[in-house]
Amino acid sequence: MGPPADHFVPYGPSHWVLIVLLVGGSVVVAVFGHRHRDVEPGFRRGFAGVVLAFNVPLLVYRQLPAQWDIAESLPLHLCDLAWMAAAVALWTRHPLAYALTFYWGLTLTPQAMITPALDAPDFPHVDFVEFWGQHLVVVWAAAYLTWGAGLRPTWREYWFAAAVTCTWVVAMLAFNAWAGTNYGFVSGKPENPSLLDLLGGWPWYLFAEVALGLAAWALLTWPWTRVRAQGMAKPC
């Protein structure tokens, strides 16, 4: 028996609308930011305010007694940390907060949107809005900061993001074992089809995921560092 008619269905109409919003919104904020660098501080901090105004009330909502579930309510998923990093990066332009936004926002967050682990009613249910809104703002923030505000990743930021992510994986393995949860899907694959299905069983898919992720991040970093090195090598 299939899901109810009002249930979210991967690659149903609402999913395609959100994929269009993902791509279209990224282009819009990147182009706007690039063309209007004169208003960059105000727009950037306003964007940070939007990220907080959307996510903080939902975080509080999940802590209410009626909503509390130790398996879902704690802000321990990588997408939770990503919106926090995005808010800090947007407000401060701090390179380390930007690094987390860049690497998580341009690789892990889109993956979660392409193969969403969402078992919930469709729009406008709060679970639907929370899941998609949380992911969209992180991708848009990464696009804006990189192509709009002009921030760039370096190898220093690459290794910082790698260290933070690996530390998070180890911490979630320990917490999940203690609490009987599965934050980050590091203790088991999601029930819905995902890219993890191609990487073997637990725990081998974790090693494969880390290796592939670091390789993808290196490929994202190399062009920017190469352009920077060429620019510094040009004669005055």
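No experiment lies behind these values; they were computed from the predicted model shown.
Between Val186 and Leu206 the shortest heavy-atom distance is O-CD1, 3.3 Å. Contact between His135 and Thr109 at its shortest, heavy atoms only, is O-CG2, 3.4 Å. The two residues Val51 and Asn55 come nearest to each other via the heavy atoms O-ND2, 2.9 Å. For the residue pair Cys166 and Val210, the shortest heavy atom distance occurs at SG-CG1, 4.2 Å. Contact between Leu52 and Ala87 at its shortest, heavy atoms only, is CD2-CB, 3.8 Å. In this structure, Tyr144 and Val29 approach most closely via the heavy-atom pair CD1-O, 3.4 Å.
For the pair Asp197 (side chain) and Ser194 (backbone), a donor-acceptor distance under 3.5 Å is present. One N or O on the side chain of Glu157 and one on the backbone of Thr154 form a donor-acceptor pair closer than 3.5 Å. Side chain of Trp147 to main chain of Val27: no donor-acceptor pair is present (N/O by atom type, distance under 3.5 Å, no hydrogens or angles). Panel note: side chain Arg37, backbone Gly148; a donor-acceptor pair is recorded below 3.5 Å. Looking only at distances, no side-chain donor or acceptor of Glu40 sits under 3.5 Å from a matching main-chain atom of Gly33. Here the side chain of Ser187 pairs no donor or acceptor atom with the backbone of Tyr183 at under 3.5 angstrom. The main-chain N or O of Leu151 is found under 3.5 Å from a side-chain atom of Tyr98 such that the two form a donor-acceptor pair.
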| Tyr61/Gln67 under side chain to side chain donor-acceptor pair (under 3.5 Å): CA gap, chis, key distance, verdict | CA-CA 7 Å; Tyr61 171 74; Gln67 300 299 322; 3.0 Å; yes
| task | Could you walk me through whether Trp104 and Thr165 pass the side chain to side chain donor-acceptor pair (under 3.5 Å) test, one step at a time? | result | CA-CA 9 Å; Trp104 293 345; Thr165 305; 2.9 Å; yes
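Within 6.0 Å of CZ in Arg45 there are more than 12 heavy atoms belonging to other residues, nucleotides or ligands. More than 12 heavy atoms of other residues, nucleotides or ligands sit less than 6.0 Å from atom CH2 of Trp68. The environment of NE2 in His34 is sparse: at most 12 heavy-atom neighbours from other residues, nucleotides or ligands sit within 6.0 Å.
A heavy-atom distance below 4.5 Å is found between the side chains of Ser14 and Phe128. At a threshold of 4.5 Å between non-hydrogen side-chain atoms, the residues Phe185 and Asn176 do not count as touching. Here the side chains of Thr181 and Met172 are not in contact, with every heavy-atom distance at 4.5 Å or above. Taking 4.5 Å as the limit, every side-chain heavy atom of Arg62 sits out of range of all side-chain heavy atoms of Asp69.
Atom-to-atom distance recorded for Asn182:CG and Lys189:NZ is 12.0 Å, nearest 0.5 angstrom. Here Trp132 contributes atom CH2 and Leu22 contributes atom CG; the two are 8.5 Å apart, rounded to the nearest 0.5 Å. Of the inter-residue distances, the one linking Leu118 atom CG with Asp127 atom CG reads 7.0 Å to the nearest 0.5 angstrom. Of the inter-residue distances, the one linking Trp140 atom CH2 with Thr101 atom OG1 reads 15.5 Å to the nearest 0.5 angstrom. To the nearest 0.5 Å, the span separating CD on Gln134 from CZ on Phe54 amounts to 7.5 Å. Summarising the geometry, atom CE belonging to Met84 is positioned 6.0 Å from atom CG belonging to Leu81; distances are rounded to the nearest 0.5 Å.
Of the listed residues (Val139, Leu21, Thr146), just one forms a side chain to side chain contact (heavy atoms under 4.5 Å, CB included) with Ser26, and that residue is Val139.
The aromatic rings of Trp155 and Tyr158 sit perpendicular to each other, their planes meeting at more than 60°, with 30° as the lower class boundary. Ring orientation note: the planes of Phe43 and Phe32 are tilted relative to one another, at an angle of 30° to 60°.
Neither Trp224 nor Leu219 shares a network with the other; the hydrophobic side chains, linked directly or stepwise wherever heavy atoms of I, L, V, M, F, W or Y lie under 4.5 Å apart, form separate groups for each. Clustering ILVMFWY residues whenever any of their side-chain heavy atoms sit less than 4.5 angstrom apart, transitively, puts Leu64 in the very cluster that holds Val129. Transitive grouping of hydrophobic side chains (ILVMFWY, heavy atoms separated by less than 4.5 Å) keeps Val88 and Val137 in distinct clusters. Residues Val60 and Val50 fall into different hydrophobic clusters, defined by Ile, Leu, Val, Met, Phe, Trp and Tyr side chains chained together at heavy-atom separations under 4.5 Å. Clustering ILVMFWY residues whenever any of their side-chain heavy atoms sit less than 4.5 angstrom apart, transitively, puts Phe207 in a cluster other than the one holding Leu195.
Taking the six-membered ring for Trp and the full ring otherwise, the centers of Trp83 and His77 sit at least 6.0 Å from each other. For Phe8 and Phe131, the ring centers are positioned 6.0 Å apart or more.
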